[in-house]
Amino acid sequence: MAVSSNRIVRWVDDRLPIFTLMHHSTSAYPTPNNLNYWWNFGSLAGFVLVVMILSGIFLAMNYTPHTAHAFESVERIMRDVNYGWLLRYLHMNGGSMFFALVYIHLFRGMYYGSYKSPREVLWWIGVIIFICMMATAFMGYVLPWGQMSFWGATVITNLFSAVPLVGTEIVTWLWGGFSVDNPTLNRFFSLHYLLPFIIFGLVVVHLWALHTVKSNNPLGIDIKGPQDTIPFHPYYTIKDLYGIGLFLMFYLFFVFFAPNFFGEPDNYIPANPMVTPPHIVPEWYFLPFYAILRAVPDKLSGVVLMFAAILVLFVLPWLDTSKVRSARFRPIYKQLFWIFFLDCLILGWIGAKPPEGAYLVIGRIATVYYFAHFLILLPLTGWFEKPRPLPDSIGAPVITTVKR
Amino acid sequence: MRRLFILIVMALATPAVALASSEKVSLETQHWSWQGLFGSYDQAQLKRGFKVYKEICASCHALGLVAYRNLADIGFAEEEIKAIAAEKEIQDGPNDMGEMFSRSARPSDPFVSPYSNDPAARVANNGALPPDLSLIAKARAGGPDYLYSLLVGYAEPPTDITLVPGMSYNRVFPGHQIAMPQPLFEDMVSHDDGTSSSLPQLAKDVTAFLNWTAEPELNARHSLGLKTLAFLILLTALFYALKRQMWSDVH
């Protein structure tokens, strides 16, 4: 198939089929014709990644990764760099937006069973992207070198001291010294700049896997033929653009009118190793995992559970024993999904509270439920649940309504 | 000396810890001119607030992130700014002879700090360190409402509270014992434009000024934000119409 009538384009394409590749992956890609708006969040997350990389590159041009200058260099960006406040607030709020979008993307995958065969590898790459995002966000939060930056870095890096035998050595190695200090800030800056490009590469692989196995859809059934699909362009490009417009209004509202809504006031106090803030809290997107960490009185078990809470996602495709993908046809799983969603919200709320009294009890129950959902409820539901009958094809329900 | 330092830090940290497990105080929420989508600073108020800062706060609190030239944003003329800066002496150098020398501050200099370093500030203030105020409106939960409530929140301590010597009772300060004595009183600063010099008015004006030092970009941010949102509403409506039209043959 000729990709273009332009001779120069054809000349290049015969030698390096880059135009054919782009045509196949962005334009002709056959997409199920019944995707709902929950399918917008993947492309939205990709859009925010680009916004983050671009704003980050320009911020890095004006930032100084040194404990004596980092805080003031950020304030210089805010005050003296042309539109520096815009770059900085775009980047700061972009982090929160990125996580919000990816969490919705992840829950959408759970609801519609997008992790099931043949999409396990696609799902794995998604989980790896999520882990890289968490590392990037954590290190980025350290860079302004405010009180929460410093003490957040101290608390989180100290988690590794729970490793038996070599814990202290690992922490010293991570810090590049005997406390969070200039070497720590330097390496965090270096890695914070590196990781987004790795995430970008992983997104390309994520899309590669997606385009190999094709998109899942709200019915969770396979594409039976061309009648079930439409080309990505123009149908989904315009739908994604509409989604981007809506999202930008939401995102930029915070940037322009409530830029510190997601932030902690303490981070506008320069880091001071001699004064511990009374209440050290991570950014909102880490709160559920922070709650799991603190639910266990033993440090090592807490750390293991926190990492397990993320790693369990890797085996989700095998823990869910049902062959039916979409929750639409799974009456019991549908309810379990919403209870699990609520459980994650409760964990997030507990993560923001001090670990004492009733908060600790609720946090422990919610932690137990989090793991029970994956390890007990999902396998059992798959075996005992009676799914509702699946339609024959994506087009079938539409065709029957037309006939009536 | 080092032990003394640790003691001081602990003494300052204790009230903060005490609050973490105690009651929440209610702030005296005010209406601020810069709130809301259409909010912007009231330049006259910022100028009055600057006067309060200059005559009272500046004797203990630095404003290190703000330069004298920034005063142009709140309506001071170039000559006025030069005069304000020239009131302060700073050390510069070394000169061609290799010597440090003293000169009057210029508009490009940041506000001159009242103390040459932190230990000097502590010695002069009974061991407490008066914080730099550049970002204070963003660095405290409650922001301007907290600052205002703190400034008008001094009172006689309730009978069940015994104050540490040198501390004052404050309704909203974490732990209620604050090292800063009540800084503002009625009629301390007089205004040429006939604005009242009541305590609430002085507190409001200086809080507005400190919000400007923390968010000097706010006016530009709100104005660009409105234009951006208006543009996005049109663009998104256009995308929606296009989407409806392009999809009309699918369903």
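In what follows, chains are A, B, ... by sequence order, proteins preceding strands, each numbered from 1. Hydrogens, waters and symmetry mates play no part in the numbers below; they use all other heavy atoms, side chains included.
Within the 4.5 Å cutoff, the side chain of A:F71 has heavy atoms near those of the B:L135 side chain. Side-chain contact between B:M246 and A:P234 is present, with at least one heavy-atom pair separated by less than 4.5 Å. Residues A:R79 and B:N70 have side chains not in contact (no heavy-atom distance under 4.5 Å, counting atoms from C-beta outward). The shortest side-chain heavy-atom distance between B:L229 and A:F256 does not fall under the 4.5 Å cut-off. Two residues are said to be in side-chain contact when any heavy atoms from C-beta on lie closer than 4.5 Å; A:E75 and B:S134 fail this criterion. Between A:W85 and B:L224 the shortest side-chain heavy-atom distance falls below 4.5 Å.
Per-residue heavy-atom pair counts under 4.5 Å with chain A were compared for B:D132, B:L232, B:L226, B:L218, and the maximum is reached by B:L232. The most heavy-atom pairs under 4.5 Å with chain B, out of A:T237, A:N267, A:D266, A:N260, come from A:N260.
Between A:F257 and B:H222, the gap from one ring centroid to the other is short of 6.0 Å.
Scanning all heavy atoms of the two residues, the minimum distance from A:I269 to B:A139 falls at CG1-CB, 3.8 Å.
By the 6.0 Å contact criterion, NZ on B:K88 is open, its count of non-hydrogen atoms from other residues, nucleotides or ligands being 12 or less. The number of heavy atoms from other shown groups lying within 6.0 Å of CD (B:Q35) is above 12. More than 12 heavy atoms of other shown residues, nucleotides or ligands fall within 6.0 angstrom of atom CD in B:E28. Within 6.0 Å of OH in B:Y169 there are more than 12 heavy atoms belonging to other residues, nucleotides or ligands. Counted within 6.0 Å of CG on B:N117, heavy atoms from surrounding residues, nucleotides or ligands total more than 12; the atom is thus considered enclosed. In the displayed structure, A:W38 atom CH2 is contacted under 6.0 Å by at most 12 heavy atoms of other residues, nucleotides or ligands.
With a 4.5 Å cut-off on non-hydrogen atoms, B:L238 does not touch chain A at all. Residue contact with chain B, scored on non-hydrogen atoms closer than 4.5 Å, involves the side chain of A:I230 exclusively. Both the backbone and the side chain of B:I233 come within less than 4.5 Å of a heavy atom in chain A. Looking at B:I136, neither its backbone nor its side chain comes within 4.5 Å of chain A, counting heavy atoms on both sides. For B:R244, no part lies near chain A; criterion is any non-hydrogen pair under 4.5 Å. For A:L86, the part sitting under 4.5 Å from any heavy atom of chain B is the side chain, from C-beta outward, and nothing else. With a 4.5 Å cut-off on non-hydrogen atoms, B:L37 touches chain A through its backbone and its side chain both.
Between B:W247 and A:Y235, the ring planes are perpendicular. Angles over 60° get that label, and only those under 30° would be called parallel.
Within the model, atoms OG1 of B:T236 and CG of A:L246 stand 5.5 Å from one another, a figure rounded to the nearest 0.5 Å. A:L252 CG to B:F231 CZ: the interatomic distance, rounded to the nearest 0.5 Å, is 11.0 Å.
Identified by a heavy-atom distance below 4.5 Å to chain A, the contributing residues of residues 210-217 of chain B are B:T213, B:A214, B:E215, B:P216, B:E217, in residue-number order.
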